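Ligands are counted one by one from 1 in listed order, and the atoms in each one are counted from 1 as well. Not measured: the values here are computed from a predicted model.
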Amino acid sequence: MSKRALITGITGQDGSYLAEFLLSMGYQVYGLVRRTSTVRYERIRHIQDQVTLVPGDMSDQTSLTRALQDVKPDEVYNLAAQSFVQTSWSQPVFTGDVTALGVTRMLDAILMVNPAIRFYQASSSEMFGKVQEVPQTEKTPFYPRSPYGVAKVYGHWITVNYRESYNLHASSGILFNHESPRRGLEFVTRKVTYHAAKIKLGLAKELRIGNLDSQRDWGFAGDYVRAMWLMLQQDSPDDFVVATGQTHSVQRLLELAFDVVGLKWQDYTVQDPAFVRPAEVDLLIGNPEKAGRVLGWEPHISFEQLVQMMVEADLAALKNGELT
Ligand code: NDP
Ligand code: GDP
């Protein structure tokens, strides 16, 4: 019998890649979707006939319990979150409710409905924030720098706590930034690749941006969802850093993206204080040694390949009218 997986956040970047991956592994895939006045399933449009969508919201306990009762999953991947750091300062309570307490709601629903369900929590390198050591490992102390980072620290520890309190198979993946042509337009990688493509095609004149000096360990989302699945296939639950082990500045991202379209980033980029954050995370670089050793996981796409892939996808989407 094929396994059943429930993905929260299936309409997001990672949800769409994970759904594709689990379908390719022969899973029956279910996705939790919240009600919105405008339906936006662009990222899963190509697989919508192969997945089953169930209604629910991370802020509503009853809906999560019902979803588990109806779907009867073997595995739950909790990817739903208010996931944008900048928004977490303007909506700190909502971010805490969905990104932090939502994890407890799902864990509690698992406990009530079927404690044998395996659980994956989408933890984040933003938990390291003002980094206490370089590179960051599973043992590096957390020092979050945004309401989002704080909410993710809560989600991480409640996952560990339910594992230890109730013996749940609950694992936390501490994923460093991962990107793709499906990344939200507000995140810096996609913002840069989209604007480089738009400027090249004469559809925009400039790119307004914040801090050029911050450094991130950027990988490809398609590589990272494989690590999520591998965690739930282990005999014992655990926590894993998933990263490339390399870091690059926002300025390097600009250089690479504008290079792809044959332009100089300095001619089109304007620094705008509106995009500078109240508290910054200056440097993230992960050590994926444990994920390599225990899970046999490694990334396949380099940063340079990732940026090229994203610029080319944005050029193509702008040309064929999928993007404006
Ligand atoms: P996205 O922002 O692309 O997707 C977030 C998903 O969560 C969407 O499907 C969204 O639904 C859903 N969602 C938001 N609020 C609710 C709610 N109240 N109830 C139900 N669903 C909700 O994020 P990513 O795919 O990039 O990231 C997936 C997870 O991994 C997130 O938890 C993120 O914080 C975490 N993470 C991501 C990293 C990255 O670099 N991408 C790094 C480390 C962690 P809708 O479409 O309706 O908005
Ligand atoms: P994050 O690491 O989850 O916050 O991912 P983002 O892609 O939103 O931001 C990565 C880094 O890029 C942060 O240090 C931001 O301060 C920096 N950055 C600089 N300019 C911008 C911008 O215009 N938009 C965003 N989103 N980030 C920017």
Under 3.5 Å between some N or O of ligand 1 and some N or O of [X]?
{"X": "R183", "result": "yes"}
{"X": "S59", "result": "no"}
{"X": "L79", "result": "yes"}
{"X": "T36", "result": "no"}
{"X": "M58", "result": "yes"}
{"X": "Q13", "result": "yes"}
{"X": "V98", "result": "no"}
{"X": "G56", "result": "no"}
{"X": "R34", "result": "yes"}

Heavy atom of Q86, distance to ligand 2 below 4.0 Å: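 Checking ligand 2 against Q86, which is what was asked, there is no heavy-atom contact under 4.0 Å.
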Any N or O of [X] that comes nearer than 3.5 Å to an N or O of ligand 2?
{"X": "F84", "answer": "no"}
{"X": "T189", "answer": "no"}
{"X": "S214", "answer": "yes"}
{"X": "R277", "answer": "yes"}

Below a 4.0 angstrom heavy-atom separation, can you tell me which part of [X], side chain or backbone, both or neither, approaches ligand 1?
{"X": "R40", "result": "neither"}
{"X": "S123", "result": "backbone"}
{"X": "Y148", "result": "side chain"}

N287 (side chain) donor-acceptor with Q136 (main chain) under 3.5 angstrom: no
Would you kindly say whether [X] and [Y] are connected by a side-chain donor-acceptor distance under 3.5 Å?
{"X": "R182", "Y": "S16", "value": "yes"}
{"X": "Q82", "Y": "T95", "value": "yes"}
{"X": "Y27", "Y": "W229", "value": "yes"}
{"X": "T99", "Y": "Y154", "value": "no"}

